[in-house]
Amino acid sequence: MTTPAVPPVIEFRGAGLTYPGPPPVPALKPCDLVIRHGEYVTIVGPSGSGKSTFLNIAGLLDAPTEGQYLLDGIDTGPLADADRTGLRGRRIGFVFQSFHLLPHRSALENVELAMVYNGGVRRGRRERAREALHRVGLEHRTDALPTRLSGGERQRVAIARALVARPSLLLCDEPTGNLDTHTAESVLGLLDELHRDGITLLVITHAPDVAARGRRTIAIRDGALSEQVAV
Amino acid sequence: MPGRKMKWVPRRRARETTADRSRFSPRDLLSESVAGILQRPARSVLTALGTVLGVGTFVAVLGLTATTSSQIDSRFNELTATEVTVEDTGGERPEFLPNAFPADADRRIGALGGVREAGVYWPVRLGPDTVVSAAPVGTEGTGEQTQVVAASPGVLAAAGPHLAQGRIFDAYHDRRGENVAVIGAGLASRLGITTLETAPAIFVEDRAFTVIGIVDDVQRKADLLLSVVVPRTTAEEIWGGPEAGQRAKMLISTELGAARQIASEAALALDPAHPDHFKVVPPPDPRSLRGDVTSDLNQLFMLMAGICLVIGAVGIANTTLVAVLERTGEIGLRRALGARGRHITVQFLTESGALGALGGLVGTSLGTVTVVVMAVVRDWTPVIHPATVVAAPAIGLVTGVLAGLYPAWRASRIQPAEALRR
């Protein structure tokens with residue numbers, strides 16, 4: 001599936017982040033990492049291990065202080081803010097632990113929000129949002145407000161919102177952290193489905209059972225990455 | 001679902017970067033801002049209240065001022081605009097000049113262009129117990145203490161009398177010094193004079209005057225209605241000229257628009273050598289009249305409107321700041337979805353500006369209603385300058401935008417990574 005013509009989705013080349021001191025705090029030690037199209041990678045580690053820093057760099061919310069980070073083969077280092085933001089909006093779909101749905105907007109409107117900043121035409125947005133909600137199995141709840149949705153449904157809306165701009169990468173930060181076991185399982189099942197559809201998934205979690213769903217698991221401890229080979 | 005499978009695979013993209021810049025179309029900006037306002041309707045209404053009051057006061061003050069001014073304009077009618085009074089000051093030594101008006105004063109002024117009628121008059125000084133009666137002295141009958149006015153014929157004509165009976169005296173009576181009088185209708189009935197067919201006489205200090213006219217109304221110089229008006233020459237023959245302290249005056253009625261011109265010429269026409277012997281009272285200038293009204297109180301109200309606006313601005317600023325802090329998560333999310341800092345700024349600015357403009361619109365409406373109601377209650381014509389109605393909502397908008405500057409700047413400074421951790 002991977003050919004030399006297609007660059008990897010994520011490529012860390014000695015990328016690391018040190019918060020300037022004093023004293024300087026190395027939040028992520030320089031590391032190399034390649035994630036290719038269609039991979040399902042989980043990042044696992046205890047809190048304070050540097051997971052958030054990794055997520056911020058991968059999600060273009062923060063820039064590495066050393067090394068390079070390439071997204072879809074684009075070196076993100078020299079990019080202007082407008083380009084970084086554009087890249088983030090189009091190529092990365094975020095799924096958060098706390099969903100981050102706008103409380104006064106319907107599920108459909110929340111999904112549409114993902115298409116507001118990407119310069120797309122307004123026409124067809126509603127239809128695409130509807131399709132995305134259909135994809136996550138919520139076609140019957142399109143007009144419901146988030147407050148009327150269950151936790152699992154909310155996270156599905158968030159996943160639909162992340163999917164609707166057809167990003168290169170789905171970046172999930174503790175996607176089941178606020179869910180009970182049963183709904184967590186259904187959301188993880190949805191992620192499995194998306195993986196089968198060929199979507200690149202990067203899931204960050206502290207829960208080993210969630211981490212185990214990935215085809216590749218990378219442990220992070222004290223700011224250092226280490227690949228765990230699945231047995 | 002194999003058919004749908006490829007749909008969710010990401011599109012292959014070229015390595016374009018600049019084409020990937022994030023955008024925020026004006027329509028999206030507008031709909032997002034409106035949604036932001038509408039998600040807390042009660043709070044938005046309360047926030048806009050300060051602007052409503054400020055702009056409403058602004059419109060009401062300007063409208064009421066305009067209405068009052070126009071009311072003054074209509075009261076400042078043709079009559080007052082065509083009346084000029086000349087007072088005899090007698091110059092620096094008035095005791096040596098009992099009457100500065102020349103004998104042919106009427107003719108001199110009448111020769112000026114734009115003069116309709118002009119005449120000299122003065123009150124006749126009688127003894128303290130002198131009464132006017134309809135019967136000869138010595139016979140029974142009660143007299144009336146009333147004022148006797150010596151007037152050249154022009155005075156009665158300039159006063160615009162409405163005659164119940166008879167006529168006013170003219171230049172003929174004046175020239176010959178006839179003992180005739182014109183009296184007011186009220187005085188006539190008190191004296192028991194009901195008809196002029198019997199050529200009734202009245203007696204002033206034993207002298208008989210034939211009543212030739214009864215006036216029941218005048219357009220100006222209403223005190224003539226309570227007076228016995230006798231020809232100037234007649235009065236001079238009997239009682240002499242005007243007394244010190246009761247100097248003569250001149251009443252001039254003019255063509256419309258000629259009054260100020262005549263006022264500037266009258267003194268010179270009366271006595272080219274001594275124009276300083278006269279004080280000319282022109283009709284009030286409508287512009288200065290309006291200026292007086294629109295001064296003090298108005299400034300006070302404008303100050304109040306300004307204070308209301310400032311309070312409104314502080315209210316909007318406060319609420320917007322609270323909203324920014326409340327919606328930190330939303331801001332982080334928008335940034336994650338591709339919004340730039342400036343997109344966040346313009347959205348919050350638009351929200352606060354829209355609140356201000358909304359408050360301005362409502363305030364303009366309420367202010368206008370206030371003006372109309374006030375005018376209707378007083379039976380006036382409501383007047384509001386169109387510029388006021390156009391400017392008022394704009395003032396609200398500017399207030400809102402100014403109030404939103406700081407909160408919007410704060411919002412743009414929120415780091416998405418931290419905002420999303422909440």
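Order of the sequence lines fixes the chain letters, A, B, ..., with proteins taken first and strands second; residue numbering starts at 1 for each chain.
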A:Arg148 atom CZ, over 12 foreign heavy atoms within 6.0 Å: no

Side chain / backbone / both / neither for B:Arg40 at chain A, heavy atoms under 4.5 Å: side chain

Parallel, tilted or perpendicular: ring planes of B:His343 versus A:Tyr117, cut at 30 and 60 degrees: parallel

CZ (B:Arg378) with more than 12 external heavy atoms under 6.0 Å: no

Residue part contacting chain A, namely of B:Gln415, when any heavy atom lies under 4.5 Å: neither

Interatomic distance, A:Asp62 atom CG to B:Glu418 atom CD [nearest 0.5 angstrom]: 9.0 Å

Which of B:Ala35, B:Ser25, B:Ser31 touches chain A most, by non-hydrogen pairs under 4.5 Å: B:Ala35

Contact leader toward chain B among A:Leu55, A:Ile92, A:Val116, where contacts are heavy-atom pairs under 4.5 Å: A:Val116

Proximity breakdown for A:Arg84 and chain B, heavy-atom pairs closer than 4.5 Å: neither

CZ on B:Arg342 to OG1 on A:Thr85, rounded to 0.5 Å: 10.0 Å

Nearest heavy-atom neighbours spanning B:Ala336 and A:Phe96: CB-CZ, 4.1 Å

CG-CG distance between B:Leu333 and A:Asn110, expressed to the nearest 0.5 angstrom: 8.0 Å

Distance in Å, B:Leu38 CG paired with A:His104 NE2, rounded so as to fall on 0.5 Å steps: 11.0 Å

Side chain, backbone, both or neither of B:Arg327 within contact of chain A (heavy atoms, under 4.5 Å): neither

Closest-packed option against chain B by number of heavy-atom pairs under 4.5 Å, given A:Leu61, A:Asn118, A:Leu102, A:Leu101: A:Leu102

A:Leu113 versus chain B, the contacting section by heavy-atom distance below 4.5 Å: both

CZ-CD distance between A:Arg105 and B:Glu32, expressed to the nearest 0.5 angstrom: 4.5 Å

